[in-house]
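In what follows, chains are A, B, ... by sequence order, proteins preceding strands, each numbered from 1.
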2 protein chains.
Amino acid sequence: MTAKAATSKSIQRSPCVVSNVLEIIGDRWTLLLVRDLLFFNKHEYKEFLASPENIATNILADRLKKLLNEGLVGEIIHPENKSRKLYYLTSKGKDLMPILLEMVKWGAAYLPETKEMKLIFERVKNDPELLKTQVLDSLEQWEKQMLKANGTA
Amino acid sequence: MTAKAATSKSIQRSPCVVSNVLEIIGDRWTLLLVRDLLFFNKHEYKEFLASPENIATNILADRLKKLLNEGLVGEIIHPENKSRKLYYLTSKGKDLMPILLEMVKWGAAYLPETKEMKLIFERVKNDPELLKTQVLDSLEQWEKQMLKANGTA
DNA sequence: GCACTTGCTTGCAAAATGCAAGTGCTTGCT
DNA sequence: AGCAAGCACTTGCATTTTGCAAGCAAGTGC
């Protein structure tokens with residue numbers, strides 16, 4: 001195992017919220033998975049692997065485990081294929097969206113423009129609230145299809 | 001040297017803003033320094049060392065170097081003591097505040113309550129805009145005293 | 001001159017990461 | 001039923017990053 005699962009219940013090394021939040025999402029990969037789940041409708045292992053950042057399989061497995069442990073993400077087996085799994089954001093995970101959107105805003109202001117994210121750039125700048133509801137609606141849509149039997153998320 | 005300075009000009013491994021932002025602030029330490037500079041009026045090396053997270057001296061030196069390289073932070077020698085340095089946030093660095101505040105909000109919602117941050121908790125929840133202007137005013141105050149000769153920040 | 005502070009650097013052990021190659025389960029095809 | 005292929009991982013190992021303790025030069029206070 002690459003790393004032990006860090007639950008929020010484990011001993012905090014700091015009394016500061018920021019520090020404790022960073023213990024969960026403060027690394028190069030975790031928020032990228034949240035991004036994929038939130039904005040790019042990705043739900044499967046292989047889809048995360050296909051992201052442009054090229055996450056290694058061991059890191060991906062490790063981060064998914066942590067996200068599950070933290071309760072940011074849930075999983076089910078694919079209804080049509082037992083050998084596949086579907087990952088989805090819980091409300092705790094979805095609530096990271098404001099953080100991501102602020103990062104997008106900051107990036108839009110200070111980073112060299114990237115074509116691929118121009119779409120979200122514009123939507124964040126024009127009407128962030130609209131974007132949020134659109135994103136959440138889209139996820140709800142998916143959940144209705146895939147999770148209808150469950151009371152999760 | 002612990003790590004090479006990663007400028008935003010270096011080759012991006014992804015076209016995604018989130019990814020590129022995380023290359024700058026996506027680690028356990030960088031945002032804690034920004035937090036100290038922004039909310040706790042810390043400006044000196046030894047003050048960062050005194051934070052409850054206990055950053056190691058080599059990591060601190062490395063992160064300060066990176067923050068300077070990225071243009072998030074500026075430095076001057078202490079006007080009254082040549083052997084001390086003063087670090088301060090540029091506007092690029094200050095503009096990370098919304099990200100930090102969203103982290104505080106998320107932490108307030110999902111993390112076990114911590115006494116030490118209750119103050120900022122309340123201020124974020126009650127009136128985020130007021131908090132922002134208060135924080136920025138406080139920094140400006142400091143800058144007027146310390147940086148009066150310079151046109152920086 | 002001398003002890004002390006300050007902002008680092010250095011050396012080394014431990015941990016996290018990245019890469020390539022498995023492993024075991026399921027599935028589709030014949 | 002048999003077999004190749006897909007899928008979600010795991011494993012081993014080299015490289016990189018962290019963490020800790022110790023040092024060190026430049027300045028300051030006496």
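- Counting only distance, with no hydrogens or angles, the side chain of A/Thr133 and the backbone of A/Leu130 share a donor-acceptor pair below 3.5 Å.
- In this structure, B/Ile59 atom CD1 and C/dG11 atom P are separated by 16 Å, rounded to whole Å.
- The separation between B/Lys85 atom NZ and D/dA25 atom P is 17 Å, rounded to whole Å.
- Note on residues 71-91 of chain A: pairs passing salt bridge (Lys or Arg N to Asp or Glu O under 4.0 Å), not counting sequence neighbours, are A/Glu44-A/Arg84, A/Glu75-A/Lys85.
- If you check residues 34-53 of chain A against DNA chain D, the residues with a heavy atom closer than 4.0 Å are A/Glu44, A/Tyr45, A/Lys46, listed by number.
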Can you tabulate the close N/O pairs, meaning under 3.5 Å, that link protein atoms to atoms of nucleotides 26-30 of chain C?
unit_1 : atom_1 : unit_2  : atom_2 : d
C/dT27 : OP1    : A/Lys82 : N      : 2.7

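- A sub-4.0 Å separation between OP1 or OP2 of C/dC4 and a side-chain N or O of B/Arg84 is absent.
- Rounded to whole Å, atom P of D/dT17 lies 18 Å from atom CZ of B/Arg28.
- Linking Ile, Leu, Val, Met, Phe, Trp and Tyr whenever their side-chain heavy atoms come within less than 4.5 Å puts A/Phe40 and A/Leu38 in one cluster.
- Rounded to an integer number of Å, the gap from A/Glu23 CD to C/dA15 P is 16 Å.
- Looking at B/Lys42, its side chain does come within 3.5 Å of a backbone N or O of B/Glu47 through a donor-acceptor pair.
- If you take CG of B/Leu60 and P of D/dT18, they are 13 Å apart, rounded to a whole angstrom.
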> Dot-bracket for DNA chain D, 5' to 3', counting Watson-Crick or G-U wobble pairs under 3.5 Å, with [ ] for crossing pairs and | for inter-strand pairs?
Replying inline: ||||||||||||||||||||||||||||||
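- The main-chain N or O of B/Thr57 is found under 3.5 Å from a side-chain atom of B/Tyr45 such that the two form a donor-acceptor pair.
- Salt-bridge check for A/Lys105 with B/Asp95: failed, with every basic side-chain N at 4.0 Å or more from each acidic carboxylate O.
- Rounded to whole Å, the distance from CG on B/Asn58 to P on D/dT16 is 17 Å.
- Ionic pairing of A/Lys66 and A/Asp62 is present here: one or more N-O contacts between side-chain nitrogen and carboxylate oxygen are shorter than 4.0 angstrom.
- Between the C1' atom of C/dT17 and the CG atom of A/Leu32 lies a distance of 15 Å, rounded to the nearest Å.
- Atom CD1 in B/Ile55 sits about 11 Å away from atom C1' in D/dT18, given to the nearest Å.
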Review item, nucleotides 21-24 of chain C N/O atoms under 3.5 Å of protein N/O:
none

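- Considering only residues two or more places apart in sequence or on other chains, A/Ser138 meets the side chain to side chain contact (heavy atoms under 4.5 Å, CB included) condition with A/Asn41.
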> Checking salt bridge (charged side-chain N to carboxylate O under 4.0 Å, His left out) for the pair B/Lys65/B/Glu70: CA distance, chi angles, key distance, verdict?
Replying inline: CA-CA 9 Å; B/Lys65 221 174 272 173; B/Glu70 293 293 346; over 6 Å; no
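- Of the candidates D/dT18, C/dG7, C/dT10, the closest approach to any side-chain atom of B/Arg63 belongs to D/dT18.
- Side-chain atoms of A/Lys92 do not come within 3.5 Å of backbone N or O of A/Gly71 as any donor-acceptor pair.
- A salt bridge links B/Glu143 with B/Lys94: the closest approach of a Lys/Arg side-chain nitrogen to an acidic carboxylate oxygen falls below 4.0 angstrom.
- Enclosure of atom CD in B/Gln141 is not indicated, since only 12 or fewer non-hydrogen atoms of other residues, nucleotides or ligands lie within 6.0 angstrom.
- Side-chain heavy atoms closer than 4.5 Å link hydrophobic residues (I, L, V, M, F, W, Y) into clusters, and following such links, possibly through other members, connects B/Val18 to A/Leu49.
- Shown here for A/Asn20 and A/Ser14, the closest heavy-atom pair between the two residues is ND2-O, 3.3 Å.
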